[in-house]
S.K.: 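One structure, pasted below without further comment.
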Amino acid sequence: MNQEQATTGGYMVAAYLITAVILLGYFASLYRRGRR
Amino acid sequence: MTRGGLWISGLAMAGIAGVYWLALLGTPTERWQGLSQKILYIHAPAAWAALLAFGLVGVASAAYLFLRDIRLDTFAEASAEVGLAFSAIMLTTGPLWGRPVWGSWWEWEPRLTLTLLLVLLFVGYRALRNALDFPEDRARYSAVVGVMALVLVPFVHLSVYLFRTIHPQPVLLKPSAPSMPWEMLRTLLTSIGAFTLLYIGFVTARYGIGRRRQQEAG
């Protein structure tokens, strides 16, 4: 993997991780409010 | 209804895990943009889900102003909240794509500016809802704000045709054939399907929570 691939790969990983955190966080929020 | 919505959401989240696998391991890397092009497979479906959510707020708000059915207001409230969750994805993954491809995190160009305006409209929509105590007033005033989405959502989609913009043109929602090889199109379509199902799951669960709150309030 060259420098450019590592850089673009870093942005891609960040985007996928942030998406997972937002979706799981919102799901957890709905689950908590739904159980109350 | 809340429980059903959570089950649909769980199913859709499993679908999105499948999209991750498909995008990262089963889709070729684009020659010029490199790995950052794979951000498209979550950015575009999240943007689609956000615009769908806000568009349906507009439809439900307009219907509320005619029919005065409180369930339409509850749906609009649910869809607006879910739309903001998808907007958070759209507004974080977009700059993460723009930085390596455009060389900047953000550009004040028509598509991005109008999208930000739409999201801020719905931040205001939530603030308005929280500021009003009487359910009828809250429903009526927020429906007036929500109905603006019916104007803004098509405008956001068409902004790439109406103005000079550096945002990429639509790949799918356009009169001509999709401008993407099948291996990539398959991943994008799968992701759009998973995000649409997730919207249905989230909004069903949130609608159930809203209805229960109304019943508890009497």
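In what follows, chains carry the letters A, B, and so on, assigned in the order in which the sequence lines appear, proteins first and then strands, with residues in each chain numbered from 1. Fair warning: this is a prediction, and the values are worked out from it, not measured in the lab.
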S.K.: Closer than 3.5 angstrom, by distance alone: can the side chain of A/Tyr11 be matched with the main-chain N or O of B/Thr93 as a donor-acceptor pair?
M.R.: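 Not a single qualifying donor-acceptor pair exists.
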S.K.: Looking at every non-hydrogen atom in both residues, tell me the closest pair between B/Tyr20 and A/Ala20 and how far apart they are.
M.R.: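 In this case the closest contact between B/Tyr20 and A/Ala20 is OH-N, 3.4 Å.
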S.K.: So for atom CZ, which belongs to B/Arg3, do other residues, nucleotides or ligands contribute more than 12 heavy atoms lying within a distance under 6.0 Å?
M.R.: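 No, because the 6.0 Å sphere around CZ of B/Arg3 holds 12 heavy atoms or fewer from other groups.
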S.K.: Can you tell which part of B/Ser36 gets under 4.5 Å to a heavy atom of chain A, answering side chain, backbone, both or neither?
M.R.: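 B/Ser36 touches chain A through backbone and side-chain heavy atoms alike.
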S.K.: Could you look at B/Arg213 and say if it's the side chain, the backbone, both or neither that has a heavy atom under 4.5 Å from chain A?
M.R.: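 Interface part for B/Arg213: side chain.
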S.K.: Sort A/Ile18 into side chain, backbone, both or neither according to what part of it lies under 4.5 angstrom from a heavy atom of chain B.
M.R.: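 It is the side chain, since no backbone atom gets that close.
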S.K.: Identify, with sequence neighbours excluded, every residue that meets side-chain hydrogen bond (donor to acceptor under 3.5 Å, both in side chains) alongside B/Gln33.
M.R.: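 For B/Gln33, the residues satisfying side-chain hydrogen bond (donor to acceptor under 3.5 Å, both in side chains) (neighbours in sequence not counted) are B/Trp97.
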S.K.: Taking atom CE as the centre, does B/Met180 end up with more than 12 heavy-atom neighbours from other residues, nucleotides or ligands that are less than 6.0 angstrom away?
M.R.: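 Result for CE/B/Met180: enclosed.
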S.K.: Given a strict heavy-atom distance threshold of 4.5 Å, which part of B/Ile209 is in contact with chain A: side chain, backbone, both, or neither?
M.R.: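 Only the side chain of B/Ile209 comes within 4.5 Å of chain A.
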S.K.: Could you report the tightest heavy-atom contact between B/Thr2 and A/Gly34, atom names first, then the distance?
M.R.: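 Smallest heavy-atom distance, with atoms named: CG2-CA, 3.7 Å.
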S.K.: How long is the straight-line distance from CD of B/Glu81 back to CG of A/Leu30, given to the nearest 0.5 Å?
M.R.: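 Going from CG on A/Leu30 over to CD on B/Glu81, the span is 6.5 Å.
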S.K.: Rounded at 0.5 Å granularity, tell me how far CD1 in B/Ile89 sits from OH in A/Tyr26.
M.R.: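 B/Ile89 CD1 to A/Tyr26 OH: 11.5 Å, rounded to 0.5 Å.
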S.K.: Quick one: CG on B/Leu96 to CE on A/Met12, what's the gap to the nearest 0.5 Å?
M.R.: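 Output value for this atom pair is 11.5 Å.
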S.K.: Count the heavy atoms of every other residue, nucleotide or ligand shown that sit under 6.0 Å from CH2 of B/Trp102, and state whether that count exceeds 12.
M.R.: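 Buried by this count: over 12 neighbours within 6.0 Å.
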S.K.: Work out which heavy atom in A/Phe27 is nearest to a heavy atom in B/Leu6; give both atom names and the distance.
M.R.: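 For A/Phe27 and B/Leu6, the tightest heavy-atom pair comes out as CE1-O, 3.5 Å.
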S.K.: Stepwise, does the side chain to side chain contact (heavy atoms under 4.5 Å, CB included) test hold for A/Thr19 with B/Thr92?
M.R.: CA-CA 8 Å; A/Thr19 300; B/Thr92 46; 5.8 Å; no
S.K.: Would you say that more than 12 heavy atoms from the other residues, nucleotides or ligands in this model lie under 6.0 Å from the CZ of A/Arg32, or not?
M.R.: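 Buried by this count: over 12 neighbours within 6.0 Å.
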S.K.: Is chain A contacted by the side chain of B/Val82, its backbone, both, or neither, given a heavy-atom distance below 4.5 Å?
M.R.: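 B/Val82 touches chain A through backbone and side-chain heavy atoms alike.
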S.K.: In residues 194-207 of chain B, which residues are in contact with chain A at a heavy-atom separation under 4.5 Å?
M.R.: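 Only B/Phe195, B/Leu198, B/Phe202, B/Ala205, B/Arg206 of residues 194-207 of chain B have a heavy atom under 4.5 Å from chain A.
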S.K.: Using side chain to side chain contact (heavy atoms under 4.5 Å, CB included), reason through B/Phe86 and A/Ile22 one step at a time and then give a plain yes or no.
M.R.: CA-CA 8 Å; B/Phe86 286 121; A/Ile22 292 171; over 6 Å; no
S.K.: With a cut-off of 6.0 Å (strictly less than), are more than 12 heavy atoms of other residues, nucleotides or ligands near CZ of B/Arg71?
M.R.: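 Open.
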S.K.: CH2 of B/Trp105: more than 12 outside heavy atoms within 6.0 angstrom?
M.R.: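 Count over threshold, so yes.
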S.K.: Checking side chain to side chain contact (heavy atoms under 4.5 Å, CB included) for the pair B/Tyr41/A/Tyr16: CA distance, chi angles, key distance, verdict?
M.R.: CA-CA 10 Å; B/Tyr41 304 124; A/Tyr16 276 68; 3.9 Å; yes
S.K.: Between A/Leu24 and B/Met13, is the side chain to side chain contact (heavy atoms under 4.5 Å, CB included) condition met? List the steps.
M.R.: CA-CA 8 Å; A/Leu24 288 169; B/Met13 302 257 279; 3.4 Å; yes
